[in-house]
Amino acid sequence: MKTGGSQIKIAIVTGGSRGLGKSMSLHLATKGHDVILTYHSKKAEAEAVCAGIAKSGRKAVASPLDVVDHKSFGAFAESVRGILDANWQRRDFDFLINNAGMGVYAPFMETTEAQFDELMNAHLKAPFFLTQKLLPLMKDGGRIVNISSGLARFSFPGYSAYAAMKGGVEVLSRFMAKELGDRRITVNVLAPGAIETDFGGGAVRDNAAINKSIAAQTALGRVGLPDDIGGAVAALLSDDNHWINGQRIEVSGGIFL
């Protein structure tokens, strides 16, 4: 599909049915991009996001994906191939945003191996192996954004395992940028600060004391909102930023400066 003489760009956003992924998907649509967004169990919410994108004049398709189930990634890649052909008459896509995941709050001494493994599977193994499966479908000159966390830079007790996985993603992203450069594919990390969503039980959004404490430590005087991150991802993927590669970009309003 082309518009104004140029081909529409297609983004895959994992975890696009809610929270930050929802905002990313909607912002990408406002920039003129089409979206394949994934969801784990909330099909109705994912379809509502697609409907919102359609209202902006862009096209979106929701597809189920469990990022913890690595054995399903090959089948997911094949489903993406079919989605691209059926909806865009294309064999490739342009952007991949590895966003899906969950939060687990547990002090270091109380973190179980099961919690550790779940976080590793979702936040480190998924970006690694899902990207492997999707790269044959990515257009040369494409763009990858891996979502990390401000917690890879500063420390809040109770998030040691989660932060360790995000630290791993940041290292992985540098290697991906180096090794995919021959295809002109850029790889960057976007690291949100504390955001008002349902992530991790919604503590930042719903606990007034936590919200106030984080706002007091942030230069701009508030915690983040989903649109702060969705807008940043869309901006990072604009043509103007094609020369940014292998970088970690924290979007946190200036927390703990």
Original post:
Passes side-chain contact (heavy atoms from CB on, under 4.5 Å), L96 versus T131? Steps please.
Top reply: CA-CA 8 Å; L96 172 62; T131 304; 3.6 Å; yes
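- Separation of atoms CE (M165) and OG (S160) is listed at 9.0 Å; rounding is to 0.5 Å.
- Under the 4.5 Å side-chain heavy-atom criterion for ILVMFWY residues, no single connected hydrophobic cluster contains both Y159 and V189.
- Contact check for I229 versus M24: side-chain heavy atoms found under the 4.5 Å cut-off.
- Between the Q115 side chain and the T112 main chain, a donor and an acceptor come within less than 3.5 Å of each other.
- Side-chain N or O atoms of N241 include one that pairs as donor or acceptor with a backbone N or O of A235 at under 3.5 Å.
- When all heavy atoms are compared, the tightest approach of P192 to I147 is CD-CG2, 3.9 Å.
- At least one side-chain heavy atom of M138 sits less than 4.5 Å from a side-chain heavy atom of R183.
- In summary, E45 and R18 do not engage in a salt bridge, as defined by a charged side-chain N under 4.0 Å from a carboxylate O.
- Put simply, the side chain of H27 never gets that close to the backbone of A232: no donor and acceptor are under 3.5 Å apart.
- D228 places a side-chain N or O within donor-acceptor distance of the main-chain N or O of L225, the cut-off being under 3.5 Å.
- Using a 4.5 Å heavy-atom threshold, the side chains of V61 and D34 count as separate.
- Atom OG of S17 and atom NZ of K43 lie 13.0 Å apart (nearest 0.5 Å).
- Within the 4.5 Å cutoff, the side chain of L180 has heavy atoms near those of the L135 side chain.
- Once rounded to the nearest 0.5 Å, the distance linking CE of M176 with CD of Q132 reads 9.0 Å.
- Within 6.0 Å of the CZ atom in F154, the count of heavy atoms belonging to other residues, nucleotides or ligands exceeds 12.
- Side-chain N or O atoms of R58 include none that pairs as donor or acceptor with a backbone N or O of L28 at under 3.5 Å.
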**OP:** Give the intermediate values and the outcome of side-chain contact (heavy atoms from CB on, under 4.5 Å) for residues D94 and R143.
**Re:** CA-CA 6 Å; D94 302 272; R143 318 272 283 279; over 6 Å; no
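- Shortest non-hydrogen contact noted between P127 and V169 is CG-CG2, 4.4 Å.
- Once rounded to the nearest 0.5 Å, the distance linking CZ of R81 with CG of D92 reads 10.5 Å.
- The two residues Y105 and P157 have their closest heavy-atom pair at CE1-O, 3.5 Å.
- Listed for the Q217 side chain is no donor-acceptor partner under 3.5 Å among the backbone atoms of A215.
- For the pair K71 and D69, the salt-bridge criterion is not met [side-chain N within less than 4.0 Å of a carboxylate O].
- Expressed to the nearest 0.5 Å, how far CG of L65 lies from OG1 of T38 amounts to 4.5 Å.
- Residues F73 and F129 keep their aromatic ring centres 6.0 Å or farther apart.
- Between V67 and A100, the closest heavy-atom pair is CG1-CB, 3.8 Å.
- By the neighbour-count criterion of 12 heavy atoms within 6.0 Å, atom NZ of K22 is sparsely surrounded, having that number or fewer from other residues, nucleotides or ligands.
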**OP:** List the steps, then state whether side-chain contact (heavy atoms from CB on, under 4.5 Å) holds for L236 with I244.
**Re:** CA-CA 8 Å; L236 180 58; I244 298 175; 4.3 Å; yes
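- The closest side-chain donor-acceptor pair between S23 and D227 falls under 3.5 angstrom.
- For residues 149-158, the pairs satisfying side chain to side chain donor-acceptor pair (under 3.5 Å) are R153-E250, with sequence neighbours left out.
- A distance-only check finds no donor-acceptor pair linking the side chain of K125 to the backbone of L119 [under 3.5 Å].
- To the nearest 0.5 angstrom, N99 atom CG is 12.0 Å from S148 atom OG.
- V13 and G21 get closest at one heavy-atom pair: CG1-O, 3.8 Å.
- Linking Ile, Leu, Val, Met, Phe, Trp and Tyr whenever their side-chain heavy atoms come within less than 4.5 Å leaves L124 and V171 in two separate clusters.
- Here the side chain of N87 pairs a donor or acceptor atom with the backbone of I83 at under 3.5 angstrom.
- Within the 4.5 Å cutoff, side-chain heavy atoms of H123 are placed close to those of Y162.
- Between T218 and S252 there is no side-chain heavy-atom pair separated by less than 4.5 Å.
- Hydrophobic clustering (ILVMFWY, side-chain heavy atoms < 4.5 Å, transitive): F175 and L130 are in distinct clusters.
- One hydrophobic cluster, built from ILVMFWY side chains closer than 4.5 Å, holds both F93 and I144.
- Heavy atoms only, all atoms of each residue included: L37 and C50 are closest at CD2-SG, 3.9 Å.
- With a 4.5 Å cut-off on side-chain heavy atoms, R91 and L137 do not count as touching.
- The same ILVMFWY cluster, assembled from side-chain heavy atoms under 4.5 Å apart, contains both V145 and I249.
- Side-chain contact, N188 with S173: no donor N or O sits under 3.5 Å from an acceptor N or O.
- The closest donor-acceptor contact from the side chain of S56 to the backbone of T30 lies at 3.5 Å or more, if one exists at all.
- In this structure, the side chains of H40 and T14 stay at 4.5 Å or more apart for every pair of heavy atoms.
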**OP:** Apply side-chain contact (heavy atoms from CB on, under 4.5 Å) to the pair K139 and K9, showing each step before the final yes or no.
**Re:** CA-CA 10 Å; K139 191 172 184 178; K9 290 184 170 62; over 6 Å; no
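- Judged by distance alone, the side chain of N121 and the main-chain N or O of D117 form a donor-acceptor pair under 3.5 Å.
- Partner of I97 under the side chain to side chain contact (heavy atoms under 4.5 Å, CB included) criterion, chosen from L237, I12, N146: L237.
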